[in-house]
Amino acid sequence: QVSLVEDGGGLVQAGDSLRLSCTASGRTFSNYVMGWFRQAPGKEREFVVGFNWRTGFRNYADSVKGRFTISRDNHKNTVYLQMNSLKPEDTAVYYCAAARNDYIYTISARYDDWGPGTQVTVSS
């Protein structure tokens, strides 16, 4: 089992940037797919981006494509989510997740381990 902890959330204005981090302990990410999801109040958890640690392939949701970027630091066992040009509709709790497979699923049920989440609030 992988233990995940997110960091970097906060309150920003529309157009600002934030960088979230997700650090794993217990195992390395080398054979995992890492995902970022988000959940706004009253809404279902939504896929944001997935990253195959072994191949480097990335899959972004259309709603964040061109604004968000996922990256990694192998030495720190950490993935980052750089979020630029933030919009009020990006407001949500953001969760990091890990899946022990090689395919980037976009549904949360396919992910095995989850962090506790970090709040991102974008004011207009």
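This one's a predicted model, so the numbers in the text were calculated from it and none came from an experiment.
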* **Verdict with supporting geometry, Asp62 and Lys65, salt bridge (Lys or Arg N to Asp or Glu O under 4.0 Å)** => CA-CA 5 Å; Asp62 288 342; Lys65 203 170 292 184; 3.1 Å; yes
* What residue among Val48, Val64, Val122, Leu18 forms side chain to side chain contact (heavy atoms under 4.5 Å, CB included) with Met83? ->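 In the set Val48, Val64, Val122, Leu18, the residue that makes a side chain to side chain contact (heavy atoms under 4.5 Å, CB included) with Met83 is Leu18.
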* Asked: Quick one: which of Val79, Thr106, Ile70 gives a side chain to side chain contact (heavy atoms under 4.5 Å, CB included) with Val49?
  ->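 That would be Ile70.
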Please confirm whether the backbone N or O of [Y] pairs with a side-chain atom of [X], one donor and one acceptor, at under 3.5 Å?
X: Glu46; Y: Gln39; result: no
X: Asp112; Y: Arg100; result: yes
X: Tyr32; Y: Arg54; result: no
X: Arg72; Y: Trp53; result: yes
X: Asn59; Y: Gly50; result: no

* To do: I would like to know whether Phe57 and Phe51 meet side-chain contact (heavy atoms from CB on, under 4.5 Å); could you show each step before the answer?
  => CA-CA 6 Å; Phe57 184 77; Phe51 173 67; over 6 Å; no
* Asked: Does a sphere of radius 6.0 Å around CZ in Arg67 hold more than 12 heavy atoms from other residues, nucleotides or ligands, not counting ones at 6.0 Å or beyond?
  ->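 It does: Arg67 CZ has more than 12 such atoms within range.
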Do [X] and [Y] have side-chain N/O donor and acceptor atoms under 3.5 Å apart?
X: Ser21; Y: Thr78; value: no
X: Gln119; Y: Thr121; value: yes
X: Ser17; Y: Asn84; value: yes

Give me the atom names and distance for the closest heavy-atom approach of [X] to [Y].
X: Tyr95; Y: Gly115; value: CD2-O, 3.6 Å
X: Leu4; Y: Ala24; value: CD2-CB, 3.7 Å
X: Ala14; Y: Ser124; value: CB-CA, 4.4 Å
X: Gly117; Y: Glu6; value: N-OE1, 2.8 Å
X: Met34; Y: Cys22; value: CE-SG, 4.5 Å

* Asked: Taking atom CG of Leu20 and atom CG of Asp7, what is their separation to the nearest 0.5 Å?
  ->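 Rounded to the nearest 0.5 Å, the CG-CG separation comes out at 8.5 Å.
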* Intermediate values then yes/no, side-chain contact (heavy atoms from CB on, under 4.5 Å), Ser108 and Trp114 -> CA-CA 10 Å; Ser108 59; Trp114 291 83; 3.6 Å; yes
* When you look at Thr91 and Val120, which way does the side-chain contact (heavy atoms from CB on, under 4.5 Å) test go after all the steps? -> CA-CA 5 Å; Thr91 295; Val120 172; 5.9 Å; no
* Asked: Do the ring centers of Trp36 and Phe47 come within less than 6.0 Å of each other?
  ->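 No; Phe47 has its ring centre 6.0 Å or more from that of Trp36.
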* Take Arg38 and Tyr94, measure what side chain to side chain donor-acceptor pair (under 3.5 Å) needs, and give me the verdict at the end. => CA-CA 4 Å; Arg38 64 187 182 186; Tyr94 282 70; 2.9 Å; yes
* In terms of hydrophobic clustering (I, L, V, M, F, W, Y; side-chain heavy atoms under 4.5 Å; direct or indirect links), are Tyr111 and Val93 co-clustered? ->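 Linked within one cluster.
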* Asked: Stepwise, does the side-chain contact (heavy atoms from CB on, under 4.5 Å) test hold for Tyr103 with Val33?
  -> CA-CA 7 Å; Tyr103 184 79; Val33 163; 5.9 Å; no
* To do: May I ask you to test the Thr69-Tyr60 pair for a side-chain heavy-atom distance under 4.5 Å?
  =>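 Counting from C-beta outward, Thr69 and Tyr60 do come under 4.5 Å.
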